[in-house]
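Below: one structure, written as structure tokens.
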Number of protein chains: 2
Amino acid sequence: MVQDAEKPSRKPRADSIRNRELLLEAAKAVFSAGGSGASLEAVARAAGVGIGTLYRHFPTRDALFEAVYRREVEQLSDLAASLAASAPPEEALRRWLHATVELAATKRGMLAALELAAEGRAELYAYSSDRMQAAAGTLVSRARTAGAIRDDLSAEEMLRAVLGLVGAWYRSGTPGLQDTVRRLVDVFVDGMRAGA
Amino acid sequence: MVQDAEKPSRKPRADSIRNRELLLEAAKAVFSAGGSGASLEAVARAAGVGIGTLYRHFPTRDALFEAVYRREVEQLSDLAASLAASAPPEEALRRWLHATVELAATKRGMLAALELAAEGRAELYAYSSDRMQAAAGTLVSRARTAGAIRDDLSAEEMLRAVLGLVGAWYRSGTPGLQDTVRRLVDVFVDGMRAGA
DNA sequence: ATGTTATACGGAGGATGCCTCCGTTTATCA
DNA sequence: TGATAAACGGAGGCATCCTCCGTATAACAT
């Protein structure tokens, strides 16, 4: 999977593993409360750990984001697979986007993680990005093959556009309006239909 | 218009007016180069003015943004009026959105100003917000009356959605792809058509 | 001209956050 | 029970943000 064995050198230290876990929990809490721009020193403080330890485990803010929201990304990825197997192409795509948006609405901070994944700035944090791209790609290409949607639009572009749209609401305050955002996503999906 | 006379107290000081102008010029330059997050101290430095003076004239970053891009907002507002008078409803709306997007693409920093305007967080910087809302409102309600677009979508929602979409590209790097963004805006506009 | 005073100026300073670096501690392994 | 690789923690340098207030000066009155 992801953790290749590499070197059989030495067993990882117990405190290291524990601190990593503490940091992830603290980060989830802090990002939920304060948004994705929250202070990393606050995260370290909440975890009861030195700031240096935080940076050693997660060299960048983005790395921390990816780790915190990895589980959610996996869920979305799984959902894509199951929708692809059980719903008609356009319906599947729409439902998946709704789920994505809902997740972003629920967990403040998740949005940032998804945007990172959508930007596909490879190398770093590649994992989540790959999963999301693959998930979106599956649904889009299936819909395209079925002739349900226009073909001048890549999965990556679609994902990014939808997340941007969502971000316009959830980034700076103005919460709660999930219905509105849902409607706007629908507008976009309608616009993707084949007939132009 | 905007400058109501209020109190006939005293003539504004010459240095005050001059510094305000210097600050606006400097801000435009700095924001163009460094994006909307550029340091305000850098702006003050570029203007050859103390940081205190900057804050006195523009108490918040947003206030500075509004002032810097006020002219552009007015142009968009005028464009909306002229399109409303000269093009068929849907066409007018589409062209106006394209123009808005293009402006955001050209001037780094403009995007931030427009997003502020679209959020309509009243009271502060109300002026630009009003102009943009009015411009979008005119075009939307005309198209709606003509039966060209669905009616469960407000002008504000549309504007915000489109700017969010654009922001997904222009905020964090990935420049140049104006064609892509244009295409995505078209998708959204297509989705707004009446028939759902 | 010159004095008075409302206004504006400038930047020091306190606060916060980022990230690095390195002396100290500690878990693992022999 | 050492030896040592690995991890810890936080001080410190740097960059902002924004406020506050002593000083300077433009506008007005005489």
Side-chain angles (χ1 to χ4, degrees), chain A residues 3 5-27 29-31 33-68 108-109 112 116 124-125 172, chain B residues 3 5-27 29-31 33-68 108-109 112 116 124-125 172:
Chain A
Q3 62 242 38
E6 286 282 2
K7 293 259 175 114
S9 52
R10 189 186 261 218
K11 187 164 62 165
R13 282 175 57 155
D15 53 351
S16 175
I17 295 176
R18 181 173 40 80
N19 282 335
R20 185 171 220 287
E21 225 49 48
L22 287 173
L23 279 166
L24 286 174
E25 251 175 276
V30 171
F31 288 150
S36 62
S39 152
L40 295 187
E41 315 220 300
V43 172
R45 228 175 296 134
V49 137
I51 184 67
T53 297
L54 184 151
Y55 276 99
R56 196 168 330 97
H57 283 286
F58 307 102
T60 68
R61 177 180 291 269
D62 292 353
L64 184 50
F65 269 111
E66 194 198 7
V68 169
R108 277 160 76 36
L116 276 180
L124 338 159
Y125 74 84
S172 45
Chain B
Q3 62 245 36
E6 287 283 359
K7 295 260 174 111
S9 53
R10 191 186 258 220
K11 186 164 62 165
R13 281 175 57 156
D15 52 352
S16 175
I17 294 175
R18 181 171 41 80
N19 283 335
R20 185 171 219 288
E21 224 50 48
L22 287 173
L23 279 167
L24 284 175
E25 251 175 276
V30 171
F31 289 150
S36 63
S39 151
L40 294 187
E41 316 220 299
V43 171
R45 227 175 296 133
V49 137
I51 185 65
T53 298
L54 184 151
Y55 276 99
R56 196 169 329 97
H57 283 286
F58 307 102
T60 68
R61 180 180 289 270
D62 292 354
L64 184 51
F65 268 111
E66 193 197 9
V68 168
R108 279 160 74 35
L116 276 180
L124 340 158
Y125 75 84
S172 46

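Letters A, B, ... are given to chains in the order of the sequence lines, protein chains preceding strands, and every chain is numbered from 1. Please read these numbers as outputs of a predicted model, since none were measured by experiment.
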Kindly give the atom pairs (protein nitrogen or oxygen, nucleotide nitrogen or oxygen) under 3.5 Å for nucleotides 1-7 of chain D.
| residue | atom | partner | partner atom | Å |
| --- | --- | --- | --- | --- |
| D:dA6 | N3 | A:R13 | NH1 | 2.4 |
| D:dA7 | O4' | A:R13 | NH1 | 3.4 |

Check your understanding: salt bridge (charged side-chain N to carboxylate O under 4.0 Å, His left out): which pairs involve residues 18-27 of chain B, sequence neighbours left out?
Key -> none

**Study point:** With sequence neighbours excluded, residues passing side-chain contact (heavy atoms from CB on, under 4.5 Å) with B:A112
**Key:** B:S36, B:F65

Check your understanding: Say you draw a straight line from CD1 of B:I17 to CG of B:L22; how long is it, rounded to the nearest 0.5 Å?
Key -> 12.0 Å

Revision key, fill the gap. Taken to the nearest whole Å, CG/B:L22 to C1'/C:dC9 is 13 Å

Review point. Can you find a heavy atom in the side chain of A:L116 that is under 4.5 Å from one in the side chain of A:E66?
Key: no

Review point. In whole Å, what is the span from the CD1 atom of B:I51 to the C1' atom of C:dG14?
Key: 15 Å

**Study point:** Minimum-distance pair of heavy atoms, taken over all atoms of A:A38 and A:V30
**Key:** CB-CG1, 3.6 Å

Practice item. Can you sort out which residues in residues 37-45 of chain B have a heavy atom within less than 4.0 Å of DNA chain D? Ascending by number, please. Key: B:S39, B:L40, B:E41

Check your understanding: Rounded to whole angstrom units, what separation is found between the CG atom of A:L64 and the C1' atom of C:dC19?
Key -> 15 Å

**Study point:** Options C:dC19, C:dC29, C:dG11, nucleotide nearest the side-chain atoms of A:K11
**Key:** C:dC29

Using a 3.5 Å cut-off and no angle test, enumerate the donor-acceptor pairs between side-chain atoms of residues 44-59 of chain A and protein atoms at least two apart in sequence or in another chain.
none

Study note, to complete from the structure: Whole-Å distance, B:Y55 OH to D:dT16 P, equals 11 Å

Practice item. Indicate, with a heavy-atom threshold strictly under 4.0 Å, whether B:R18 touches base, sugar-phosphate, or nothing. Key: nothing

Check your understanding: Rounded to whole angstrom units, what separation is found between the CG atom of A:L54 and the P atom of D:dA11?
Key -> 17 Å

